[in-house]
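To keep things clear, I will list the structure first and then write my remarks on it.
Just so it is clear, the values below take in all heavy atoms, side chains as well, and ignore hydrogens, waters and symmetry mates. In what follows, chains are A, B, ... by sequence order, proteins preceding strands, each numbered from 1. Since the structure is predicted, the reported quantities are computational estimates derived from the model, not experimental observations.
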Amino acid sequence: MSNPTIVTRFAPSPTGYLHVGGARTALFNWLLARHSGGRYLLRIEDTDLARSTDQATRQLVEDLRWLGLNWDNAELVYQSRRLPIYNAIIDDLIARGLAYKAYETAEELSAQRVQAERARRQYRYRRPQLTDEQIRKYESEGRPHVVRFAMAVKEYRFSDAVLGANQGFGPGEVQDFVIRKSDGMPTYHFGVVIDDQEMGVTHVLRGQEHLLNTCNHIALQEALNYPRPIYAHLPVILAPETKAKLSKRDRDQKIRQRAGEWMRSQKKTAADLATASGLPEARLAEWFGNTAKQLDLSEQPPVMRIVGLREVDLPEIMVHDFRKNGYLPEVLNNFLALLGWSPGGDRERMTMDELVSHFSIDGIGKANAMFNRDKLLAFNTEASAASPPPRMLAAMRDYLAINTDSPLASADDPQLEKVLKMNHGFHILREADEKSRFLFLPDNEIEYQTDAVEKVLKKNDGQGAAALREVRGVLDGPANWQAADIEAAVKGYCDQKQLGLGKVAQPIRVAVSGTTISPPIFETLEFLGKAKTIARVDRCITLSC
RNA sequence: GGCCCCGUCGUCUAGAGGCCUAGGACACGGCCCUUUCAAGGCCGCGACACGGGUUCGAAUCCCGUCGGGGUCACCA
């Protein structure tokens, strides 16, 4: 019994960073291919000339590589480079009467839709009866046209590997969809059918939002005499904020919401926001007036700064966001795999190899899944604590490569390993990074936070400050500047003075870090070294006590 | 609104008629540990949407109701 090789593919359109919904689709296709020893291909669907960019393609490729979802085609397939192939097939369909040119303008079509809606009737495009004379006239005028596929008016049914048999729609839903746009590019529906056939794709795993599109695709396959691949429609990933399909727009929405709050509480207008952020007023007014408009990636930071939003306050939607915040790619894959799929039983934490060996279409569920960031965080915390140091060092290097503003970027490998060890238990690398930056700052750049100084040093008639002055001498003591020796010295002082360790450790912490939060204090001091420790204590006493 | 898909703890899910007093994970609450923030340990709270069938027996099968989502482009 021959078992034909399974061929899957991921076919994103390059309009920006890869988002987690797309990553999940890519992952499932990759897993199916790897599990079965088949092939997984990558195709770039760049037929929307207005929105596709080379930069987006590069970002997509980089995100996919970061996730470790490597594809098997040496050369990427770009739809925009395959026009002659599409056109030959379209010409053939036209010659066979299965496709035809349609001359309506966008305005005419939308007028027809409005009219149908007024008449409380569903709009369905069906082939208009044009006389030869009309066609000659349009052609001689050089009127722009699209090519539409002449769908037979009948039932379209197919079986879905996840949703079951008998999917599709009846004759009432049929309409003649566009297969070539007026700019000469194929539409998604056309390109996907042709390319899947030519690339030998056997299994199509994609989001459930494509379920009904499948009818168009099978109609085309029938007309072209192509075999039908196996379809598996994945449940949709829902955003907790909106309880609707996870979308890039969710980030913009958060900024919009905060900007609204800012204007209300500060009694400001969009014009004020424009001035403060340095963006054109007209642009911000446009954005505010229309919720369908989004800020560009370059416009977001200035606005966020003004309204008091940090990068980490935004929901992570893009794969790049997760990378930038320091999640482990294998953890993101593990978590994403569980959104709509389960290996059965209680198994949850899986390595990439385990995902591959357990994956099957049977384990894919039908119900939509809400994206639960807390659980991802918990997975990442656990995996970060359990991963071997070399793995975490590599992850930290990757994190720093795209967070070049962090002072840790200047650290050498042994230092980074110590930082990782000191911060054991962190959720994401950003947390370890931000908690450790003071270690790599020059002494004179340590900023003493006023509430930390107040609470730890000045309160109770300067009890903390007094302890700090005394312990300064103690810190001069240890000949060996090792955490254990420093700890022994400080604890000895505490015992002698009948003080809890916290009464002394916290003032030291504020003195060296400027804040009440740091890695464990004695390891921190060891890392800083005796000279820096004492210099910072002295500086703190001078400035803040 | 039409069409389509779905419905087990707050969330992700296990569950293929008796193994279910419904299991796990995250979150949440309590206690412990503790030099900060975390991490960790122990304990706990918590669901078969509702109503009808079918069956000796239903979370599991059927029907209806309700609820949620998707989709209605010269975007993919």
Side-chain angles (χ1 to χ4, degrees), chain A residues 11-15 45-48 50-52 102 104-106 109-110 113 117 120-125 144-148 160 162-164 167-170 172-173 175 177-183 185-189 191-192 206-213 215 233 235-236 238 240 243-245 335 338-349 365-379 381-382 384-385 423-427 431-432 435 452 456 487 490-491 494 500-510 513 515-522 524:
Chain A
S13 65
T15 55
E45 305 216 325
D46 54 350
T47 55
D48 184 342
R51 293 201 306 152
S52 301
E104 296 88 352
T105 63
L109 287 174
S110 84
R113 281 193 197 97
E117 197 175 328
R120 294 165 46 85
R121 177 167 53 79
Q122 290 303 311
Y123 179 73
R124 299 264 132 63
Y125 188 99
H145 66 270
V146 300
V147 176
R148 287 181 185 262
D160 186 273
V162 171
L163 265 11
Q167 303 298 318
F169 55 58
E173 306 301 310
Q175 64 177 332
F177 59 96
V178 174
I179 56 177
R180 186 171 68 199
K181 302 183 270 188
S182 58
D183 64 2
M185 300 299 282
T187 60
Y188 158 72
H189 298 298
V192 78
R206 49 157 56 148
Q208 239 174 61
E209 61 269 23
H210 287 290
L211 188 63
L212 271 343
N213 288 340
C215 294
H233 286 90
V236 173
L238 270 21
K243 307 229 188 297
K245 194 169 77 165
F335 175 75
L338 261 13
L339 249 32
W341 173 77
S342 162
D346 294 340
R347 179 175 273 113
E348 278 202 331
R349 319 292 159 112
K366 298 178 179 185
N368 294 166
M370 194 100 73
F371 189 89
N372 178 201
R373 202 164 282 102
D374 284 337
K375 185 155 176 166
L376 204 213
L377 229 29
F379 273 35
T381 304
E382 195 179 295
S384 298
N423 282 287
H424 189 269
F426 63 84
H427 299 98
E431 195 177 301
K435 233 164 84 173
V456 176
E487 180 168 359
V490 173
K491 277 194 170 153
C494 287
L501 187 50
K503 291 269 187 277
V504 179
Q506 277 303 78
I508 300 176
R509 195 185 308 280
V510 171
S513 76
T515 72
T516 54
I517 297 173
S518 85
I521 192 66
F522 301 114
T524 297

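- Nucleic acid contact for A:Val146: base, since at least one base atom lies under 4.0 Å from a heavy atom of the residue.
- When both pairing distances are held under 3.5 Å, B:C37 makes no Watson-Crick or G-U pair with any nucleotide shown.
- Rounded to an integer number of Å, the gap from A:Phe169 CZ to B:C5 C1' is 15 Å.
- Toward the 5′ end of RNA chain B lies the nearest nucleotide of A:Glu382, the other residue of the pair A:Glu382 and A:His424 mapping further downstream.
- When heavy atoms are screened at a 4.0 angstrom cut-off, A:Arg120 is found touching no nucleic acid atom at all.
- Ranked by how close their nearest RNA chain B nucleotide is to the 5' end, A:Gly345 and A:Ala505 are led by A:Gly345.
- Residue A:Arg349 places at least one side-chain N or O closer than 4.0 Å to OP1 or OP2 of B:C26.
- As rounded to whole Å, 10 Å separates atom C1' of B:C12 from atom CE of A:Met370.
- Across all strands shown, A:Glu45 has heavy atoms under 4.0 Å from sugar-phosphate atoms exclusively, and none from any base.
- With P as the reference atom, B:A58 and B:G1 are 36 Å apart, rounded to whole Å.
- Using a 4.0 Å cut-off, no side-chain N or O of A:Lys375 falls inside it from OP1 or OP2 of B:C12.
- Within the 4.0 Å cut-off from OP1 or OP2 of B:U71, at least one side-chain nitrogen or oxygen of A:Lys245 is found.
- Closest to the side chain of A:Ser342, from the set B:C75, B:A14, B:U36, is B:A14.
- Between the CD atom of A:Gln208 and the C1' atom of B:C6 there is a distance of 7 Å, given to the nearest Å.
- In terms of modelled atom types and a separation under 3.5 Å, the side chain of A:Gln175 and the main chain of A:Arg124 share no donor-acceptor contact.
- Residue A:Lys243 is classed as a sugar-phosphate contact, given heavy-atom separations below 4.0 Å to backbone atoms only.
- Neither OP1 nor OP2 of B:A76 sits under 4.0 Å from any side-chain N or O of A:His210.
- In this structure, A:His233 atom NE2 and B:C4 atom C1' are separated by 12 Å, rounded to whole Å.
- The environment of A:Glu117 atom CD is sparse: at most 12 non-hydrogen atoms of other residues, nucleotides or ligands sit within 6.0 angstrom.
- Between A:Lys181 and the phosphate of B:A76, there is a side-chain N or O to OP1/OP2 separation shorter than 4.0 Å.
- Rounding to the nearest 0.5 Å places CD of A:Gln506 at 9.5 Å from CG of A:Leu501.
- With both ends at atom C1', the span from B:U55 to B:A14 equals 25 Å, rounded to whole Å.
- Rounded to an integer number of Å, the gap from CG of A:Asp346 to P of B:U8 is 18 Å.
- A:Leu211 comes within 4.0 angstrom of sugar-phosphate atoms only, judged by non-hydrogen atoms across all strands, and of no base.
- In this structure, A:Leu238 places its CG atom 8 Å from C1' of B:G68, rounding to the nearest Å.
- Checking B:C75, B:A76, B:C26 against every side-chain atom of A:Tyr188, the shortest atom distance belongs to B:A76.
- Nucleic acid contact for A:Ser182: base, since at least one base atom lies under 4.0 Å from a heavy atom of the residue.
- Side-chain proximity of A:Ser13 to B:C12, B:G1, B:A76: nearest is B:A76.
- In this structure, of B:C6, B:G70, B:A38, it is B:A38 that holds the atom nearest to the side chain of A:His427.
- Among the heavy atoms of the strands lying under 4.0 Å from A:Gly340 are primed sugar atoms or P, OP1, OP2 only; no base atom is included.
- Taking only side-chain atoms of A:Ala244, from C-beta outward, the nucleotide of B:A76, B:G69, B:U35 with the closest atom is B:G69.
- Between A:Phe177 and A:His189, the two ring planes are perpendicular [angle over 60°; tilted spans 30° to 60°].
- Looking at heavy-atom distances under 4.0 Å, A:Pro520 makes contact with a base.
- Between A:Arg148 and B:C74 there is a side-chain N or O to OP1 or OP2 distance below 4.0 Å.
- Distances shorter than 4.0 Å separate some side-chain N or O of A:Gln167 from OP1 or OP2 on B:C5.
- Across all strands shown, A:Glu348 has heavy atoms under 4.0 Å from base atoms, whether or not it also approaches the sugar-phosphate.
- Shown here, B:G7 forms a base pair with B:C66; the pair counts as Watson-Crick or G-U wobble because both key distances fall under 3.5 Å.
- In this structure, A:Pro240 reaches neither bases nor backbone, as no heavy-atom distance under 4.0 Å exists between it and the strands shown.
- Between A:Arg113 and B:C74 there is a side-chain N or O to OP1 or OP2 distance below 4.0 Å.
- Counting non-hydrogen atoms under 4.0 angstrom, A:Ala11 reaches nothing in the nucleic acid.
- As rounded to the nearest Å, B:G15 and B:G23 have P atoms that lie 15 Å from one another.
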Does the pair A:Met370 and A:Leu238 meet the rule for a side-chain contact (heavy atoms from CB on, under 4.5 Å), with working shown? CA-CA 4 Å; A:Met370 194 100 73; A:Leu238 270 21; 4.0 Å; yes

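- Contact annotation for A:Asn423: no contact, since no heavy-atom pair falls under 4.0 Å across all strands.
- A:Lys366 contributes no side-chain N or O that, together with a main-chain N or O of A:Gly164, makes up a donor-acceptor pair within less than 3.5 Å.
- With rounding to the nearest 0.5 angstrom, the CE atom of A:Met185 is 11.5 Å from the CZ atom of A:Arg180.
- Remark: the separation of the C1' atoms in B:A16 and B:C61 is 11 Å, to the nearest Å.
- Note that CZ of A:Phe379 is 9.5 Å distant from CG of A:Asn372, once rounded to the nearest 0.5 Å.
- If you check B:C28 for Watson-Crick or wobble pairing at under 3.5 angstrom, you find it paired to B:G44.
- Contact annotation for A:Glu431: backbone-only contact, meaning every heavy-atom pair under 4.0 Å involves sugar-phosphate atoms and none involves a base.
- A straight line from CZ of A:Phe371 to P of B:G69 spans 19 Å, rounded to a whole angstrom.
- For A:Thr47 and B:A76, the shortest distance from a side-chain N or O to OP1 or OP2 is below 4.0 Å.
- B:G44 and B:C26 have their C1' atoms separated by 16 Å, given to the nearest Å.
- When both distances must be under 3.5 Å, the Watson-Crick or G-U wobble mate of B:A22 does not exist.
- The base-pairing partner of B:U71, taking Watson-Crick or G-U wobble contacts with both distances under 3.5 Å, is B:G2.
- The side chain of A:Asp48 approaches B:A76 more closely than any other nucleotide in the set B:G2, B:A76, B:U36.
- When A:Ile517, A:Thr515, A:Val510, A:Thr516 are each tested for a side-chain contact (heavy atoms from CB on, under 4.5 Å) with A:Ser513, only one passes: A:Thr515.
- Which of B:C26, B:G2, B:C4 sits closest to the side chain of A:Leu212 comes down to B:C4.
- Rounded to whole Å, the distance from CD on A:Glu209 to P on B:C72 is 10 Å.
- The nucleotide B:U60 finds no pairing partner, because no Watson-Crick or G-U wobble arrangement with both distances shorter than 3.5 Å includes it.
- For NZ of A:Lys503, the number of neighbouring non-hydrogen atoms (other residues, nucleotides, ligands) closer than 6.0 Å is 12 at most.
- Spacing between B:G41 and B:U34 at atom C1', rounded to whole Å, works out to 13 Å.
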